[in-house]
Amino acid sequence: MIIVAHDRYFLNKVVTKVVELDNGHATVFLGNYSDYAAKKAMLRNAQLKAWMNQQQEIKHQEQVIARLKSFNREKSIKRAESREKMLDKIDRLEKPTELNSEIHLQLHPRVESGEDVLKVEHLSKAFDSQQLFSDLNFSVKRGEKVAIIGNNGTGKTTILKIINSVIEADAGSFTLGSKVHIGYYDQEHHVLHMEKTLFEEIADDYPTLTNTEIRNTLAAFLFTGDDVFKQIKDLSGGERGRVSLAKLMLSEANFLILDEPTNHLDIVSKEILEHALNQYTGTVLYVSHDRYFINQTASRILDLTGNTLVNYIGNYDYYLEKREELTRIYAPETSVSSVEQSTTAAIASSGKDEWQKRKEEQARERKRQNDLKKTEDQIQKLEARNQEIDDQMCLESVYTDVAKCMELNKEKTENANKLEALYEVWESLM
Ligand SMILES: Nc1ncnc2c1ncn2[C@@H]1O[C@H](COP(=O)(O)OP(=O)(O)OP(=O)(O)O)[C@@H](O)[C@H]1O
Ligand SMILES: [Mg+2]
């Protein structure tokens, strides 16, 4: 399999080799993502050190050359020239670029909102005959970082669209608090205009910004030079994500509503977004499937399941711990059976092979237990028979009868050989 992914958990579980594309070079690392990250950090440090040493050496040589030239003697100039030749010949190391490839994202609200940011009451929505959710009630207070999670197609994006007045609810309402100013990052990037260039996308929304300010903003999201004249429609998924983040930053909103903001983002950018959200003093409501990201950033989790929302005050680890218990209480429609189903589904999706293997393993174990029992029985029988023989040999009627004695002795020797073999079998079975 060849996989392109930015999901650290997933890569760690699945891959055995990592091919990194960076700055036009491909580098192969054996192992999973953690192995790659560790080796990469080491390599980068070594490269940086080598580059800095070389820079220092070059600077030193240049100083010596300048000094020799300043003596202005035939001999000194000759020496300077030969040093210059040497300096021209050295293989100049490329500066490791990674440090410059990080986006600069800072999220600050321009004004503080009121204490109550959002109140959703009795919200319902259906598409045709498909009821997504009904009678949803929840509120969000200033400073909260709330993650909405749930399976594909349960209606998470739909909730965010309703709150952003992109579509209407069938019933119920939502209220925004005083001085609430929303910054919306939508999953499908409808807030971007496909025909516009990057530069126009920013300039049209923020007409007071100067050209330099626009260029600086875009540069902070790694769009430099002629990049800024690319059209949105030609950008990759991750690049569109970066433009949306740039607009989010400029909005200086105090209530961020984000629909899968880490989608397509590379790993470094995800970490920067994590950091920016944790520093952000405003309120955040987002949808995500990224377990790692949720765990780093959420203070509360809303699970959309069985047409309703189940509330977990904690991060993703807490959610995992409490899921079964709270689902049974607050979303009885999905309740235990669906939690169980999803577990069964997980087993099923981990492959029939796995299931088959487990069955075979169970059969093997049963056979082993059986064999063990049989062997022990045989050992016991033979040991008991030997004890019997010993007892008989003590009887006068037996030990005076040479023929009988020989017969019993023969049997005992045969038994000893059998026992030897049985014990070996028993040990290996154990
Ligand atoms: N305009 C529409 N007309 C008809 N059905 C729609 C419309 N918009 C969404 N749906 C349906 O509603 C359901 C919920 O969609 P939504 O986009 O809210 O899901 P989601 O929870 O965000 O899923 P995902 O995790 O995949 O992003 C889906 O089955 C979708 O097909
Ligand atoms: Mg969605």
Side-chain angles (χ1 to χ4, degrees), residues 4-10 118 120-138 140 145-174 182-192 194 236-238 240-241 243-245 247-248 255-265 270 273 277 284-298 300-312 315-316 319-320 323 326-327 330-331 333-334 338-339 341-342 345-346 349:
V4 176
H6 293 303
D7 184 327
R8 295 157 285 190
Y9 273 168
F10 178 73
L118 171 72
V120 170
E121 289 170 294
H122 311 297
L123 207 67
S124 299
K125 182 75 191 173
F127 282 116
D128 306 320
S129 59
Q130 181 192 8
Q131 187 71 41
L132 291 185
F133 44 82
S134 50
D135 198 24
L136 285 191
N137 296 285
F138 68 95
V140 177
K145 312 268 161 71
V146 183
I148 299 181
I149 61 172
N151 294 345
N152 290 134
T154 44
K156 303 178 297 297
T157 294
T158 305
I159 296 177
L160 299 193
K161 279 183 179 167
I162 293 172
I163 298 170
N164 281 285
S165 305
V166 178
I167 56 173
E168 281 190 1
D170 296 341
S173 65
F174 69 90
I182 291 182
Y184 181 33
Y185 178 107
D186 83 311
Q187 190 176 10
E188 296 131 6
H189 300 299
H190 288 311
V191 292
L192 301 180
M194 291 301 141
S236 74
R240 283 180 199 174
V243 184
S244 294
L245 286 178
K247 289 181 80 174
L248 204 64
F255 183 26
L256 303 181
I257 299 184
L258 317 173
D259 199 351
E260 303 199 23
T262 61
N263 253 7
H264 302 298
L265 284 189
K270 269 188 210 180
L273 178 60
L277 286 183
V284 187
L285 175 67
Y286 68 79
V287 169
S288 179
H289 293 295
D290 185 330
R291 299 158 285 189
Y292 194 87
F293 178 77
I294 298 167
N295 224 14
Q296 296 299 310
T297 50
R300 183 148 73 93
I301 289 177
L302 297 172
D303 184 10
L304 187 57
T305 177
N307 294 347
T308 191
L309 279 170
V310 184
N311 186 41
Y312 299 84
N315 64 7
Y316 195 76
Y319 157 76
L320 285 180
R323 177 172 55 169
L326 295 188
T327 302
Y330 296 106
E333 262 178 56
T334 39
S338 110
V339 173
Q341 259 167 25
S342 67
S349 72

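Atoms within each ligand, like the ligands themselves, are counted from 1 in listed order.
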Evaluate Val146 against Phe138 for side chain to side chain contact (heavy atoms under 4.5 Å, CB included), listing each step before the verdict.
CA-CA 11 Å; Val146 183; Phe138 68 95; 5.9 Å; no
Test side chain to side chain contact (heavy atoms under 4.5 Å, CB included) applied to Leu245 and Leu265, step by step = CA-CA 11 Å; Leu245 286 178; Leu265 284 189; 4.0 Å; yes
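Looking at His289, Lys156, Gln130, it is Lys156 that brings a heavy atom closest to atom 21 (O) of ligand 1. If you check each of Leu160, Thr157, Leu304 against atom 22 (O) of ligand 1, the one with the closest non-hydrogen atom is Thr157.
For a distance bound of 2.8 Å, the N, O or S atoms of Thr157 include one lying that close to the Mg ion (ligand 2).
Ranking the protein heavy atoms by distance from atom 24 (P) of ligand 1 puts Asn152 ND2, 3.5 Å first. Protein heavy atom at the shortest distance from atom 15 (O) of ligand 1 is Thr158 OG1, 3.7 Å. Among all non-hydrogen protein atoms, the one lying nearest atom 14 (C) of ligand 1 is Gly153 O, 3.4 Å. When hydrogens are left out, the protein atom nearest atom 1 (N) of ligand 1 is Phe127 CE2, 3.7 Å; that is the closest non-hydrogen contact.
We find that Arg323 and Asp303 are not joined by a salt bridge, their nearest charged nitrogen and carboxylate oxygen being 4.0 Å or further apart.
Of the protein's heavy atoms, none falls inside 4.0 Å of atom 30 (C) of ligand 1.
Without hydrogens or angle criteria, Asp128 side chain to Gln130 main chain gives no donor-acceptor distance under 3.5 Å.
The distance criterion of under 3.5 Å between nitrogen or oxygen atoms is not met by Leu132 with respect to ligand 1.
The shortest side-chain heavy-atom distance between Tyr319 and Ile294 does not fall under the 4.5 Å cut-off. Looking at Leu304 and Leu302, their side chains never come closer than 4.5 Å, going by heavy atoms from C-beta outward. Side-chain contact check for Lys270 versus His6: some heavy-atom pair is nearer than 4.5 Å.
Proximity to Glu260 (heavy-atom distance under 4.0 Å) selects the following atoms of ligand 1: 25 (O), 27 (O).
Residue contact annotation: Gly155 has a non-hydrogen atom under 4.0 Å from ligand 1.
For the 3.5 Å distance criterion, the side chains of Thr297 and Tyr286 qualify, holding a donor opposite an acceptor.
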